Each structure stands twice: as C-alpha cells, then as structure tokens.
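Since the structure comes first, as structure tokens, the remarks are kept for the end.
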Amino acid sequence: MNRSDFAILKEQVHGRPLVYLDNAATSQKPRQVVEAIIEAYSTWNSNIHRGVHHLSQVATAHHEEARKAVAAFINARSSDEIVFTKGTTDSLNALAFSYGEAFVGEGDEIIVSGLEHHSNIVPWQMLCARKKTVLRHIPLREDLTLDLEAFKGMLNERTKLVSVAHVSNVLGIIQPVEEIICLAHEKHIPVCIDGAQSVPHMQVDVQALDCDFLAFSGHKMYGPTGIGVLYGKREWLEKLPPHEGGGEMIEHVRWEGTTYNELPYKFEAGTPNFVGSYALHKAVEYMQSIGWKALESHERELTQYCEAQLSAIPDVHIYAANQPKAGVISFNVYNGQLSTLIHPFDIGTLLDQQGVAVRTGHHCAEPLIDHLGVPGTVRVSFGLYNDKTDVDAFIAALKKAQMMLS
C-alpha cells in the first residue's frame, strides 16, 4: 500500500501528523484520481454522446469505458446494467421513486433492517407516504446481528422489495446478504443491497450474490465525490420508468408525448458527471492494482489489531465486539469512577486536537443509535493506506483523552 500516492496524508493537523481514520465517511484520493480530474478538464472537457467533434468523442469514449470498468469491477453481466448517479443516496432515492411508481401500491410492504443508514430508510418512508405503503424493519438480536428467523416471518405476498446494507456503517458488521437474498427470492421478492460500505472493502460479485440492485458511491472507494452507481439486473431496469426527465434520457420528444432512451441512458437525465466517471475508473484501476486478496487481508488484520488494542483499555465499550467487520469499529468511553458515558463528541474533539480524525455522533443511523441507548458513538474506519502506526497513534491519543476527561 503506497501511502505516498495520497498527498493529504502528509498534512499536519494542530501541529500533529494527520492520522485519518474516517474512511467510512469518505476516503482520501490517490494522485492518479486527482490527476485524472485535472487531465479531463485540461485536455478533453466537452459534453458527451451527442457531439460529433473530437473533444466530445473523446469524452464520450472515456465515460463509456468507465461504465465498462465498473461493470467488470462488480461482475455485472453488461455495462447496460450500470447507471451512473451522484452516489449511494441518489441511487437509493432513484430506485425508491422508480420502483415505487411501477410496482408498489397501497397496503404493500417494503423491508429494510434495523441497521440502516438514513439513505436506506428515508426514501422508502417517502414512498410509503406517497403510496400508503408500510415500511418494516428486520429486528436485531442481542448481539446486534439481524434476526433472520424474524425476517422469514415478515416475508409475505404484500412484500414488494427488501433493501439492506451489506455492511453496517456504524458497527462494521458484514450482513448475511446471501441468505437474505435467497429467502426473498424464494418468494419472488427482489432485493437491493446498499454497498456503500462493502464495495470499497471487499470483492462484491453481483452475479454470485444474485442481488437485483446494488448501490454504492465513488467517494468512499478512493474516487471523487458526486459520482456513484446504481446496478440493476437488465430485466428489472427495462421494467422501471425513469425517475427524472430532460435531456439525454429521451429517444424522441413530441408535444403528444415522449419516448425514452435505451438502457442505461433512460435513467441518466442531463449532462452526466463524465469527469467523475473517468476519475472513478482510475480509482477502480488503483484498487485492482493492489488486488482484493491483499486489500481484504490488510484491512481485516488492521481492524482486528485495533479492536484488540481497544478492548485492552478499561472503560471502553466496543459495539458488536468480536463480530466479523469490514474496516469499521464503533465504541464509547465511560468514566469508570462515575459509571457515566463520556460524550463521544468530547472524545472526538480531543482526538482531533492530537491530529487523529475519527467520526462521532449518530452516523446517519439514528434508529440504530436509539436502539443502543446512547447519544452516539466514536467510530474509527480504515482504508487501504492505513497501517498499525495509525492505530498506535490513535490508541495513544485515546488514552490521553480518556485521562483528561475522567
């Protein structure tokens, strides 16, 4: 893992070397991605698809090559199954509107889990308000894993879609999505996977999973902000109506009505983020140059090392301790003498003053945080450029913060 590719890691924060452990929120970008953005705007910036001139042709070629690269990255059957969006949130909102308009009616049910990010809750709540639909969630067991027996009992003829996170952005737990998909498909119910926290950390094969939809973001996988993906099986995308109207997504527009473009363009209204897609392609290439075996092994070892170090500190409570995780650990610190919670914001502030960047709060997963019965957690999350020296610096800073606040 070449840390020198990431210029920001040389920065100092409050006079201390930066230790960046907030990768679940957004990852840093290698020079190859930054240079791709500069190259695009400097040498071939032009609107795509409809232009006959040279710059437009070059830009179009790069955009569509990126689509093919992303399709291969997740093993989609065709690049036509890759819809470029602004990110995971945009992908899930698009699906909720489009699928909801076509297949959901009054009294129907959508199932999510008790671990979801707001992006996989609120769009479905909005659909339920429009369509008088019911949103249900898979309950959690005591160990904070999903209760699959309860899930089996929730599936019925009114269930129109199941949408669950592959990896919890709060707990880092890897969900049993293979079993969830299998159980839903036995009743002919499609499944959407929120891959925001899995695609950057593990090899996701949509054909092996047999998921019907997958959403993920570029900015969490070393790519730029403002670009993401909604994968959908062709047979589903062909049935769904567009969620936005305008240029690019049309075939013909007449006053009498409009016909829509072919896949995947009917879901990509307006000028696409062709610079973002080109830079995302470079991020995909960067991850592939490392290799999944090395990447997964490195992050798994680092997560286990960090959890072991944390568990040795008195009055630190790790959530979902000893569960298989994908680069995310959430915890809280208590004042042992008073048996009271030290607010995670205070821990995060003192860590920041020592140059350590972590995330604190509800992590856009308030229902889960409410279930935990705390105001929030401290979350550390790893990327491919982190190493044990980062963990050691974090642990030393945490011990100092704990001493100051206790």
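The residues of the chain are indexed from 1 along the displayed sequence. Both backbone and side-chain heavy atoms feed into the values below; hydrogens, waters and symmetry mates do not. Keep in mind it's a predicted model, so treat the numbers as computed, not measured.
Two residues are said to be in side-chain contact when any heavy atoms from C-beta on lie closer than 4.5 Å; Pro176 and Leu148 meet this criterion. Taking the side chain as every heavy atom from C-beta outward, Cys128 and Val134 never approach each other to under 4.5 Å. The shortest distance between side-chain heavy atoms of Val204 and His166 falls below 4.5 Å. For the pair Tyr305/Phe382, no side-chain contact is recorded, criterion being any heavy-atom separation below 4.5 Å from C-beta on. You'll find the side chain of Ile318 reaches within 4.5 Å of the side chain of Ser311, heavy atoms only.
Remark: side-chain polar atoms of Asn332 are paired, donor with acceptor, to backbone N or O of Gly376 under 3.5 angstrom. Between the side chain of Lys220 and the main chain of Ala25, a donor-acceptor pair closer than 3.5 Å is present. In this structure a side-chain-to-backbone donor-acceptor pair under 3.5 Å is missing from Gln197 to Val167. No side-chain donor-acceptor contact under 3.5 Å links Glu268 to the backbone of Pro264. A donor-acceptor contact shorter than 3.5 Å is absent between the side chain of Asn47 and the backbone of Ser56. In terms of modelled atom types and a separation under 3.5 Å, the side chain of Ser217 and the main chain of His219 share no donor-acceptor contact. Thr349 places a side-chain N or O within donor-acceptor distance of the main-chain N or O of Phe345, the cut-off being under 3.5 Å. Under the 3.5 Å distance criterion, the side-chain polar atoms of Ser381 are left unmatched by any main-chain donor or acceptor of Val328. A donor-acceptor pair is defined here as one N or O able to donate and one able to accept, closer than 3.5 Å; such a pair exists between the side chain of Arg3 and the backbone of Tyr385. Proximity of a side-chain donor or acceptor of Asn75 to a complementary backbone N or O of Ala72 within less than 3.5 Å is not detected.
A salt bridge links Asp210 with Lys233: the closest approach of a Lys/Arg side-chain nitrogen to an acidic carboxylate oxygen falls below 4.0 angstrom. A salt bridge does not link Glu35 with Lys282: none of the charged nitrogens is closer than 4.0 Å to a carboxylate oxygen. Using a 4.0 Å cut-off between charged nitrogen and carboxylate oxygen, Glu235 and Lys239 do not count as a salt-bridge pair. Using a 4.0 Å cut-off between charged side-chain N and carboxylate O, Glu64 and Lys68 make no salt bridge. Arg136 and Glu109 are joined by a salt bridge, as a carboxylate oxygen and a charged side-chain nitrogen come within less than 4.0 angstrom of each other. Using a 4.0 Å cut-off between a side-chain N of Lys or Arg and a carboxylate O of Asp or Glu, Arg234 and Asp80 qualify as a salt bridge. Salt-bridge check for Lys187 with Glu157: failed, with every basic side-chain N at 4.0 Å or more from each acidic carboxylate O. Here Arg359 pairs with Asp22 in a salt bridge; the nearest charged N to carboxylate O distance falls below 4.0 Å.
The OG1 atom of Thr377 lies 8.5 Å from the CZ atom of Phe331; values are rounded to the nearest 0.5 Å. Leu55 contributes atom CG, which lies 13.5 Å from atom CD1 of Ile48 (distance to the nearest 0.5 angstrom). Distance check, rounded to the nearest 0.5 Å: OH of Tyr231 to CH2 of Trp236 gives 12.5 Å.
In this structure, Lys29 forms no cation-pi arrangement with Tyr222, as its terminal cationic atom is not both closer than 6.0 Å to the ring centre and no more than 45° off the ring axis.
The number of heavy-atom neighbours closer than 6.0 Å to NZ of Lys131, taken from other residues, nucleotides and ligands shown, is above 12. Remark: Asn322 CG is loosely packed, at most 12 non-hydrogen atoms of other residues, nucleotides or ligands lying under 6.0 Å away. Atom NE2 of His188 is surrounded by 12 or fewer heavy atoms from other residues, nucleotides or ligands within 6.0 Å.
A side-chain donor from one of Asp352 and His14 sits under 3.5 Å from a side-chain acceptor of the other. Between the side chains of His185 and Asp212, at least one donor-acceptor pair of N or O atoms lies under 3.5 Å.
If you look at His298 and His201, their ring centroids are not closer than 6.0 Å. Aromatic pair Tyr20/Phe394: ring centres not closer than 6.0 Å.
Using the six-membered ring where Trp is involved, Tyr265 and His49 have ring planes that are perpendicular, over 60° apart on the 30 and 60° scheme. Taking the six-membered ring where tryptophan is involved, the planes of Trp44 and His62 are tilted, since the angle between them lies from 30° to 60°.
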Going through the checks in order, is the ring-ring contact (aromatic ring centres under 6.0 Å, His included) test met by Tyr99 and Trp124?
CA-CA 10 Å; Tyr99 186 88; Trp124 305 113; 7.5 Å; no
Just do the salt bridge (Lys or Arg N to Asp or Glu O under 4.0 Å) check on Arg31 and Asp5 with the steps written out, would you?
CA-CA 5 Å; Arg31 60 177 176 81; Asp5 285 334; 3.0 Å; yes
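Partner of Thr389 under the side chain to side chain donor-acceptor pair (under 3.5 Å) criterion, chosen from Asp392, Asp387, Asn386: Asp387.
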